[in-house]
Number of protein chains: 2
Amino acid sequence: MKDKDGKPLSNTQRALRELRRMILSGELAAGTDHLESELAETLGMSRTPVREAALMLESRGLLEMRPRKGVRILPVSPEDMREIYDILTELESLAAQRAAEAGYGDADLAQLALSIAQMDQAVKDEDREAWADADDLFHQELVRLGGNKRIEAIVAVMSDQVRRARATTLFIRPLPVQSNEDHRAVYQAISSGRAEEAHERHRQHRLQAKGVLIGILEKHRLNSL
Amino acid sequence: MKDKDGKPLSNTQRALRELRRMILSGELAAGTDHLESELAETLGMSRTPVREAALMLESRGLLEMRPRKGVRILPVSPEDMREIYDILTELESLAAQRAAEAGYGDADLAQLALSIAQMDQAVKDEDREAWADADDLFHQELVRLGGNKRIEAIVAVMSDQVRRARATTLFIRPLPVQSNEDHRAVYQAISSGRAEEAHERHRQHRLQAKGVLIGILEKHRLNSL
DNA sequence: GCATTTGTTTGCGTATACATTAAAGAATGC
DNA sequence: GCATTCTTTAATGTATACGCAAACAAATGC
């Protein structure tokens, strides 16, 4: 098996990507248990790479390995979402501030601008999936511009868990019009080097998002997904 | 092999603890490479549990597995320390704020008070090791009181890396008298429910600590440890 | 009937064997 | 003498085998 660059891809890496994909897509449902040997057979490889991949996914908080009970796909509760959003709020706001301080030019911010444009288009089209993808890109790029690799890694892990909750809630909630305005404000602040404002605007953006998501989860009694 | 509770401890767990200990103590020096088979022999077990432990330590950022180059103990640079302290600053300050909002009583804050007392004693005795241990405890307990499990986990990971830098710098720097005053102020703020102040005091404390550490590292040209 | 014990099964933890492949060294040609 | 290719080697990636311990079932004693 080779990847796009022609480099061979180890089975462990394949297992990692496949399992992650299966969890995020819901193919492996939250709360379900799966034997290592089952997963190995599904993926067409032996238990060893599956175990190694599972170990990594365990430290990303997507699953849990319980002796004799199989690999458990961890559900996400509203309380988990509070924790996650609190972390995202703090770390992304800092990233926004740092990005503004870095004095990036328009070229550096092109990707950010692009994802904002994509979100605008998606809202027009009422295409929630496209909006979610562009939103992911915006946050990922924002954090990248913040220049802290560890924050990037942490946010990536937390975002994986948010993605699962969002897969369920995406079609329940109203079109994220407010969100798009927030993004533009953050972009403007970064672009013109207003660090404090970038921080605060993004902070408010995330607090707002947290409130909306938690509200939906509690209203619909989605205690575990 | 059994642990304190009499429960058998898996070799993977033993490898995890041992390797972590060896890295933090410097027994496995930063920047050095080690074959899986060497480590396995050292620990008296086969490669399998060593690999599994290494995988976990890799996601904690303590080492890196590079095909054919062996397991590399990751060095920590001043830039790494900036990243780590930025994260600790944000997440611990939030924890302090939340702890203050939670309205804990004196009994709940006993451990926090104890570690402060231990730090005072350690400063009197000029026992830097004891101070460092108590300081770890203070921060760990503070974060626990914050009530966000994920922040606890992230801070634990980051703290492991700080510990390595501190092992080197602990005896270079002046006695942390200012630090102890900060801790007391944070404690007071939490104890009396002044959330905003707890946040801000802890924030300043961490920013200060960051400055001191980075200053030492750069002054002594400690670019990698 | 119920509880306790014994047997059986099943899945994991670990060792080990093997295939794979990148890196280092040797040999060859220019 | 240098570069290139071939060979070798060594370390990893993966499969597989097996013992053990936990969960479940059955059987036995009360």
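Chain letters run A, B, ... following the sequence lines, proteins first and then strands; every chain starts at 1.
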Colleague: Could you state the CG-C1' distance from B:L9 to D:dA21, rounded to the nearest angstrom?
Modeller: 15 Å
Colleague: So, does A:S10 get its side chain near the phosphate of D:dT12, meaning an N or O under 4.0 Å from OP1 or OP2?
Modeller: no
Colleague: Please report, rounded to the nearest Å, how far the P atom of D:dA10 is from the CD atom of B:E38.
Modeller: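 It works out to 13 Å between those atoms.
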Colleague: Kindly point out which of D:dT14, C:dG13, D:dT12 is positioned nearest to the side chain of B:L35?
Modeller: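 Nearest to the side chain of B:L35 among the choices is D:dT12.
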Colleague: Determine the minimum heavy-atom distance between A:M81 and A:A165, stating which atoms define it.
Modeller: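 Answer, listing the atom of A:M81 first, then A:A165: CE-CB, 3.6 Å.
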Colleague: Among C:dG11, C:dT14, D:dT14, which is the nearest nucleotide to the side chain of A:E52?
Modeller: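 Closest nucleotide to the A:E52 side chain: D:dT14.
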Colleague: If the condition is ring-ring contact (aromatic ring centres under 6.0 Å, His included), which residues does A:H199 pass it with, not counting sequence neighbours?
Modeller: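 For A:H199, no residue satisfies ring-ring contact (aromatic ring centres under 6.0 Å, His included) once neighbours in sequence are set aside.
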Colleague: Figure out the CZ/P separation between B:R66 and C:dA23, and round it to whole Å.
Modeller: 10 Å
Colleague: Could you tell me how far apart B:R51 (CZ) and C:dA15 (C1') are, to the nearest whole angstrom?
Modeller: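 Whole-Å distance recorded here is 14 Å.
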Colleague: Testing the basics here: between B:A30 and B:R164, what is the closest heavy-atom pair and its distance to 0.1 Å?
Modeller: CB-NH1, 4.2 Å
Colleague: Give me the atom names and distance for the closest heavy-atom approach of A:R14 to A:L43.
Modeller: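 Where A:R14 meets A:L43 most closely, the heavy atoms are NH2-O, 3.9 Å.
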Colleague: Is there a donor-acceptor pair closer than 3.5 Å between any side-chain N or O of B:R21 and the backbone N or O of B:E27?
Modeller: no
Colleague: Heavy-atom contacts under 4.0 Å between residues 41-49 of chain B and DNA chain C, which residues?
Modeller: B:M45, B:S46, B:T48, B:P49
Colleague: Rounded to whole angstrom units, what separation is found between the NZ atom of B:K69 and the C1' atom of C:dA22?
Modeller: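 It works out to 10 Å between those atoms.
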Colleague: Looking only at the side chains, is there a donor atom on one of B:D125 and B:Q121 sitting less than 3.5 Å from an acceptor on the other?
Modeller: yes
Colleague: What is the distance, to the nearest angstrom, from the CG atom on A:N11 to the C1' atom on D:dA15?
Modeller: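 The answer, rounded to whole Å, is 10 Å.
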Colleague: Can you tell which of B:R68, B:R66, B:K69 makes a salt bridge (Lys or Arg N to Asp or Glu O under 4.0 Å) with B:D33?
Modeller: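 Answer after filtering B:R68, B:R66, B:K69: B:R66.
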Colleague: How close or far is atom C1' of D:dA11 from atom CD of B:E36, stated in whole angstroms?
Modeller: 8 Å
Colleague: Which nucleotide in the list D:dA22, D:dG13, C:dG13 gets nearest to the side chain of A:R68?
Modeller: D:dA22
Colleague: Measure from CG on B:L55 to C1' on D:dT12 and round the result to the nearest Å.
Modeller: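 Whole-Å distance recorded here is 13 Å.
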